[in-house]
Protein chains: 4
Amino acid sequence: MTTSAKTSTSRQRTSWKQDPEAVKADILRVARAEFAAHGLSGARVQDIAEKTKTSKRMIFYYFKDKESLYREVLEQAYNDVREGEKALELENLDPVEALSKLVKFTFSHHRDNEDFIRLVMIENIHRGIHLTASETIRSGNTPAVDQLKEILERGREMKLFRPDIDPLRLHWKISALCFFNVSNEPTFTRVFGDEIVSQEGQRKLKEEIVRTILNSVLAVPVSGS
Amino acid sequence: MTTSAKTSTSRQRTSWKQDPEAVKADILRVARAEFAAHGLSGARVQDIAEKTKTSKRMIFYYFKDKESLYREVLEQAYNDVREGEKALELENLDPVEALSKLVKFTFSHHRDNEDFIRLVMIENIHRGIHLTASETIRSGNTPAVDQLKEILERGREMKLFRPDIDPLRLHWKISALCFFNVSNEPTFTRVFGDEIVSQEGQRKLKEEIVRTILNSVLAVPVSGS
Amino acid sequence: MTTSAKTSTSRQRTSWKQDPEAVKADILRVARAEFAAHGLSGARVQDIAEKTKTSKRMIFYYFKDKESLYREVLEQAYNDVREGEKALELENLDPVEALSKLVKFTFSHHRDNEDFIRLVMIENIHRGIHLTASETIRSGNTPAVDQLKEILERGREMKLFRPDIDPLRLHWKISALCFFNVSNEPTFTRVFGDEIVSQEGQRKLKEEIVRTILNSVLAVPVSGS
Amino acid sequence: MTTSAKTSTSRQRTSWKQDPEAVKADILRVARAEFAAHGLSGARVQDIAEKTKTSKRMIFYYFKDKESLYREVLEQAYNDVREGEKALELENLDPVEALSKLVKFTFSHHRDNEDFIRLVMIENIHRGIHLTASETIRSGNTPAVDQLKEILERGREMKLFRPDIDPLRLHWKISALCFFNVSNEPTFTRVFGDEIVSQEGQRKLKEEIVRTILNSVLAVPVSGS
DNA sequence: AATGAATGAGCCTTCATTCAT
DNA sequence: GATGAATGAAGGCTCATTCAT
């Protein structure tokens, strides 16, 4: 887990001590899971502490209080997602493929990061008040929107895409479909069964979302979405 | 301490008493607002009681415990929404107009029933476990899907719509876009500003969603969504 | 302790229950001693609870929080002292004797109510902020000042007292000497020994204070203080 | 994370370091204010540290624990006040003027050293147990009493003062009046208004206290106090 | 001589819930 | 049917202090 250096330190037990960053990271990791699982008020500091390599006391030592810890968890979650988006390499693909890949990535990325989705849901329940402070999050300059803008420009120049597409609104639409797929799965499944949540259902849904988005931007839409 | 002069006014004061249904309805009304505002664990029985015409004790008397109250609130919320959907009269409209109207209605209906949206979010946070019990909710026979099915059939017969559209998946897509619009407004606005949430932004968004949905089903799609 | 009525109640254990006033009075009694002994921040709710017939939980049930409990203790202490002052009957004494008796009473009353003195000291450490709320306390119409005013008027009419004595300032002087005697006994004794705090020392001190006060008001002062 | 560029500025930054006495004095200065403001249990080591040029850790390093720090603060406060009293030069004044000046000085000195007054109050709340250790404080040979003794002797020789005046008891009376004026100002003001605490009220009070004290000792008392 | 990191013990308070009639 | 009084269990958080170098 932690870097092994600290050669001179004799005792094993204290290997992770004296390394505040490691302790903080450990707490954040556990806290993210707990907050995602139970919400801000539902999560228990005690429970977080018990799943940590340190004590409840340390949580307050490093993060001041429960709410601040939650804030940092949220911020870190947002940043992690953005880092993930950056890794996509779309520059060498033609616009249609690039957009297609971006949508598929978003779909799968959301699917694979349920904790992030849940944290965002929870934060929306709190009306987003804990997002206020973080300047990096609020900038609006997300990799996803930047990439979309670039793809749309290239597509427009090649006369493939309509010229009046707003990158932010397109991002909104992609997000809505990919986010809802994860966020509302529990209730949707209870009410309508698992047709959509099944493996085959998800495969079809992903394709359908790609088609829907493509049709939104194509100068000459194709049938079927 | 305890004034005894209660005899003459007892009738007046207790007019709403002796009417268990009225008391329960009052509690449910307040509880719905509180649960929608703060979630299941975030809501306080105390706070609910204080906004009620009766006492905290009565909440437990009528609803057993907090979770059961939440369950009833949730069930009632679902039922109310379905009642709202039933009121739509789409039979006399041609398929395209009927679908268009249905989407617009869903968009506005969600917008106007934020508490319901929030309750569904909250329930999804809880992985939908409180929806298990209610048989009426789980039937899957929602007015919305029934209406969609009817519209799609008519449209297919008139060769307007593609023949392979699944009503449930279409419902899913409409829901996703209209639900996300309300559920994620707080965080989306914090990150990207109020371009979409503004009055003009919402008007355009509604039109765009209608076009997106129509293009999904039209045999001959039109450009622009 | 509590009134024995409640004949129909079978169990002895619950005799004091169902009598909120008795429970509150019990808590107040214990809390007064604890706050007087350790101050507001120094007193422990736990300790108060343990010396009570009820539990820690009940303290918050009846008094909301520690500070409110302290406030009520303080208020009650002030009221109790005023009740004690009222009991004095000075109307039938000639002015000099009345004043003399009042001073002696104040001296002894303070001596015998160290807890009250300590509470006032503690409240002064807090700059009196907890006295703000109570209207009865702040009225300024204390029995002591009222009685002084009456005595001074009688004495002036009989040409015994100087005509320019302000009752409030006289009250201030009496208070200062009698209060300080109790409040500063610990440090004064540590520094200067127990000459003054001894039984004989206190007897002489009381006489001296009486003479000092009398000389303050007499038209023709006597030698010796 | 940990910048290493410390070499060039290390001398500058640590100018006050390496000087234990300066650090201790700094801590004592801050601690006195905090203890005076909030009492022994009410003061926070954390708060003291934050207003200091050094860290919380150093407080324990130099003073062992909170209580010992308080003890040193208390002792220093007593010594400071005595130093102040020494500065008075009363030898060249006639007894009446000397005594008058001493009282006026005490009145003003107490007024101007509220922190000292509050520390003494606090220590009295603690029943003076922290004064035990300090031998210098307990000697009883305070400048104030010494000066009083000298003045009384001169006054007695000149037949101005009564021969039976005990310097300690006189000191007690002066202290009581001047101390109470500061110590009980908050509660007295809340109850009786600011008649006495006002600037004019204080001026009159000082005069009255001087007269009261003089009348205590004069062989031929004058009317009016 | 000096200090950053860590902490056990205990604090006040709140929670949903039950007791007892 | 209805309710005022009471509460066990746990909650988040803070305190002065020590560990380890």
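The sequence lines fix the lettering, A, B, ..., with proteins before strands; numbering per chain opens at 1. Everything quoted here is computed from the prediction, not taken from an experiment.
- Along DNA chain E, the nucleotide nearest E67(B) and the nucleotide nearest M58(A) are compared for position; the residue whose nucleotide lies closer to the 5' end is M58(A).
- Here the side chain of R118(B) pairs a donor or acceptor atom with the backbone of A37(B) at under 3.5 angstrom.
- With rounding to whole Å, F60(A) atom CZ is found 13 Å from dC15(F) atom P.
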Counting Watson-Crick and G-U wobble pairs with both distances under 3.5 Å, what is the dot-bracket string for DNA chain E, 5' to 3', using [ ] for crossing pairs and | for pairs to another strand? .||||||||||||||||||||
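- Closest approach to the Y61(C) side chain among dT7(F), dT3(F), dA5(E) is made by dT7(F) (side chain taken as heavy atoms from C-beta onward).
- Between the side chain of T52(C) and the main chain of I48(C), a donor-acceptor pair closer than 3.5 Å is present.
- Remark: N124(A) CG to M121(B) CE distance equals 4.5 Å, nearest 0.5 Å.
- Remark: T54(C) is in phosphate contact with dT7(F), judged by side-chain N or O atoms under 4.0 Å from OP1 or OP2.
- Summarising the geometry, the separation between NZ on K64(B) and P on dT17(E) is reported as 9 Å, rounded to the nearest angstrom.
- The line from OG of S41(B) to NE2 of H126(B) is 5.5 Å long, rounded to the nearest 0.5 Å.
- Taking CG of L74(A) as the reference point, atom CD of E123(A) lies at 5.0 Å (rounded to 0.5 Å).
- Between F63(B) atom CZ and dT18(E) atom P the separation is 16 Å, expressed in whole Å.
- The stretch residues 30-40 of chain D has no heavy atom under 4.0 angstrom from DNA chain F at all.
- Taking CD of E50(C) as the reference point, atom CZ of R44(C) lies at 12.5 Å (rounded to 0.5 Å).
- For the pair Y62(D) and dA1(E), the criterion of a side-chain N or O lying under 4.0 Å from OP1 or OP2 is not met.
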Which pairs, protein N/O on one side and nucleotides 8-11 of chain F N/O on the other, fall under 3.5 Å?
| residue | atom | partner | partner atom | Å |
| --- | --- | --- | --- | --- |
| dG8(F) | O6 | R57(C) | NE | 2.6 |

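- Taken from OG1 in T187(B) to CG in L119(A), the straight-line distance is 11.5 Å, to the nearest 0.5 Å.
- Checked against side-chain contact (heavy atoms from CB on, under 4.5 Å), A49(B) has the following partners two or more places apart in sequence or in another chain: K56(B), I59(B).
- Residue pairs meeting the salt bridge (Lys or Arg N to Asp or Glu O under 4.0 Å) criterion with at least one member in residues 20-29 of chain B, sequence neighbours excluded, are D26(B)-R29(B).
- Residue pairs satisfying the ring-ring contact (aromatic ring centres under 6.0 Å, His included) criterion with at least one member in residues 32-63 of chain D, sequence neighbours excluded, are listed as follows: F35(D)-Y70(D).
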